[in-house]
Amino acid sequence: MTEPRPVIRDVDHGTAKLMPDVDRERAWLLTVDGAPQSYVDLDDPAHLEFEYARRLAHAVDCAAPGGGPLDVVHLGGGALALPRRLAVTRPGSRQEVVEADRGLIALVAEHLPPAPGSGITVHDADARAWLEAAPARSADVLLADVFGGSRVPAHLTSLGYARAAERVLRRDGVYAANLADGAPFAFLRSQLATFAAVFAHLALIAEPAVLRGRRFGNAVLVASQRELDTASLARRTAADAFPARVEHGASLARFTGDARPVRDEDAVASPEPPGGAFGIG
């Protein structure tokens with residue numbers, strides 16, 4: 001059998017690499033300009049290698065227990081790790097994936113196409129523009145994992161964006177986003193304030209070392225108009241290989257502090273990660 005070889009290609013927003021995993025026969029790591037974007041195991045689509053991806057999946061599972069099909073919107077496509085997982089754990093789900101990088105879409109379609117009948121539809125579009133044009137109350141879950149390089153684009157950080165996300169979700173729907181920040185958390189706190197102005201209930205999932213400001217890292221923001229099952233979410237995230245903590249209620253309000261919602265005219269991208277925070281070469 002021929003050994004799989006790395007694939008390197010210039011895409012719209014950088015240089016993408018698909019690198020085979022030597023330990024898993026049909027598993028691949030996608031990076032763009034050295035920043036990890038997705039990890040996919042074609043033989044085990046339910047496997048999620050990245051901790052932040054597992055936390056997004058926990059948010060889905062806690063929002064809709066029982067394993068039934070869902071209508072899901074994914075902002076940011078990568079190599080479709082989360083859509084592939086949901087296709088096998090919640091068969092019959094309708095999944096819309098919005099990815100702005102046409103070159104990346106073509107690369108994944110050529111080398112790692114999703115299984116036929118997966119219910120995954122990929123749209124070549126800007127995330128916010130697609131949301132603003134999407135039917136109202138059409139999604140059960142909205143998952144956001146959009147990075148330009150290693151930064152969340154500014155237009156996906158404002159009140160206008162949060163309102164667009166809320167409009168697309170059904171009344172009991174759940175929004176979850178992968179963010180990244182470090183102390184003093186000006187960006188993360190601004191995002192909490194922004195979504196608190198639109199949604200009634202919020203939670204934040206992150207490793208204790210990140211929350212204590214000891215290092216830069218990922219944090220998953222979860223928002224809904226209905227009460228979140230934070231107890232179940234805390235149990236799941238605490239059981240991961242890299243345990244995380246779930247902040248909500250009074251403790252999350254203290255963390256947010258006096259941060260104010262972000263207006264479109266004041267929006268900025270998330271901070272540049274310090275050297276070596278995420279890149280792998």
Side-chain angles (χ1 to χ4, degrees), residues 11-14 16 30 32-33 35-38 50 52-53 55-57 59-60 70-84 86 93-109 114 120-170 173-181 187-188 190-191 194-195 198-199 218-224 261-271:
V11 293
D12 296 10
H13 299 135
L30 168 69
V32 177
D33 288 344
Q37 299 289 324
S38 294
F50 297 160
Y52 78 80
R55 291 166 193 156
L56 288 169
V60 176
L70 296 169
D71 291 332
V72 184
V73 173
H74 302 262
L75 303 182
L80 309 177
L82 279 165
R84 294 172 204 267
L86 286 171
S93 293
R94 178 179 62 87
Q95 301 192 74
E96 311 288 347
V97 180
V98 185
E99 172 59 59
D101 192 318
R102 294 182 182 181
L104 187 57
I105 292 172
L107 175 67
V108 172
I120 299 169
T121 303
V122 180
H123 303 271
D124 162 22
D126 171 79
R128 181 161 171 181
W130 191 92
L131 273 186
E132 290 173 344
R137 311 300 171 209
S138 57
D140 300 305
V141 177
L142 173 53
L143 300 176
D145 185 19
V146 184
F147 283 78
S150 297
R151 305 178 72 185
V152 179
H155 70 301
L156 304 182
T157 68
S158 69
L159 274 172
Y161 165 72
R163 289 171 179 145
E166 196 277 337
R167 186 189 67 85
V168 169
L169 283 169
R170 297 190 171 113
V174 171
Y175 173 90
N178 178 36
L179 305 173
D181 201 3
F187 172 74
L188 188 54
S190 76
Q191 292 307 285
T194 298
F195 278 81
V198 176
F199 290 89
N218 294 98
V220 170
L221 184 157
V222 186
S224 182
V262 178
R263 301 178 301 172
D264 274 321
E265 56 267 34
D266 301 324
V268 296
S270 64

Give the minimum heavy-atom separation between [X] and [Y], together with the two atoms involved.
{"X": "L179", "Y": "V152", "answer": "CD2-CG2, 4.2 Å"}
{"X": "V97", "Y": "G76", "answer": "CG1-O, 4.2 Å"}
{"X": "L70", "Y": "V60", "answer": "CD1-CG1, 3.8 Å"}
{"X": "S150", "Y": "S270", "answer": "O-OG, 4.3 Å"}
{"X": "V168", "Y": "A134", "answer": "CG2-CB, 4.0 Å"}
{"X": "G78", "Y": "V108", "answer": "O-CG2, 3.4 Å"}

[atom1]/[X] to [atom2]/[Y] distance, rounded to the nearest 0.5 angstrom?
{"X": "I120", "Y": "R84", "atom1": "CD1", "atom2": "CZ", "answer": "6.5 Å"}
{"X": "L107", "Y": "L30", "atom1": "CG", "atom2": "CG", "answer": "7.0 Å"}
{"X": "L75", "Y": "L143", "atom1": "CG", "atom2": "CG", "answer": "8.5 Å"}
{"X": "L131", "Y": "L169", "atom1": "CG", "atom2": "CG", "answer": "8.5 Å"}
{"X": "L221", "Y": "Q191", "atom1": "CG", "atom2": "CD", "answer": "7.5 Å"}
{"X": "F50", "Y": "R55", "atom1": "CZ", "atom2": "CZ", "answer": "13.0 Å"}

With heavy-atom distances below 4.5 Å as the criterion, would you say the side chains of [X] and [Y] are in contact?
{"X": "H155", "Y": "Y161", "answer": "no"}
{"X": "N178", "Y": "F147", "answer": "yes"}
{"X": "Q95", "Y": "L86", "answer": "yes"}
{"X": "H74", "Y": "V98", "answer": "no"}

- Residue pairs involving residues 149-163 (criterion salt bridge (charged side-chain N to carboxylate O under 4.0 Å, His left out); sequence neighbours excluded): none

- Query: What pairs of residues pass the salt bridge (charged side-chain N to carboxylate O under 4.0 Å, His left out) test when at least one of them lies in residues 98-107, not counting sequence neighbours?
  - Reply: R102-D124

- Message: Check the orientation of Y175 and F195. Use parallel for under 30°, tilted for 30 to 60°, and perpendicular for over 60°.
- Response: parallel

If we ignore hydrogens and angles and just use 3.5 Å, is the side chain of [X] paired with the main-chain N or O of [Y] as donor and acceptor?
{"X": "S224", "Y": "G173", "value": "yes"}
{"X": "R170", "Y": "A136", "value": "no"}
{"X": "D12", "Y": "G103", "value": "yes"}
{"X": "S38", "Y": "A79", "value": "yes"}
{"X": "S190", "Y": "V262", "value": "no"}

- Query: Quick one: do D140 and R94 make a salt bridge, cutoff under 4.0 Å?
  - Reply: no

Indicate whether any N or O donor in one side chain lies under 3.5 Å from an N or O acceptor in the other, for [X] and [Y].
{"X": "Y52", "Y": "D145", "result": "yes"}
{"X": "H123", "Y": "E96", "result": "yes"}
{"X": "D33", "Y": "H13", "result": "no"}
{"X": "S158", "Y": "R128", "result": "yes"}

- Item | Verdict with reasoning, V73 to V141, per side chain to side chain contact (heavy atoms under 4.5 Å, CB included) | CA-CA 6 Å; V73 173; V141 177; over 6 Å; no

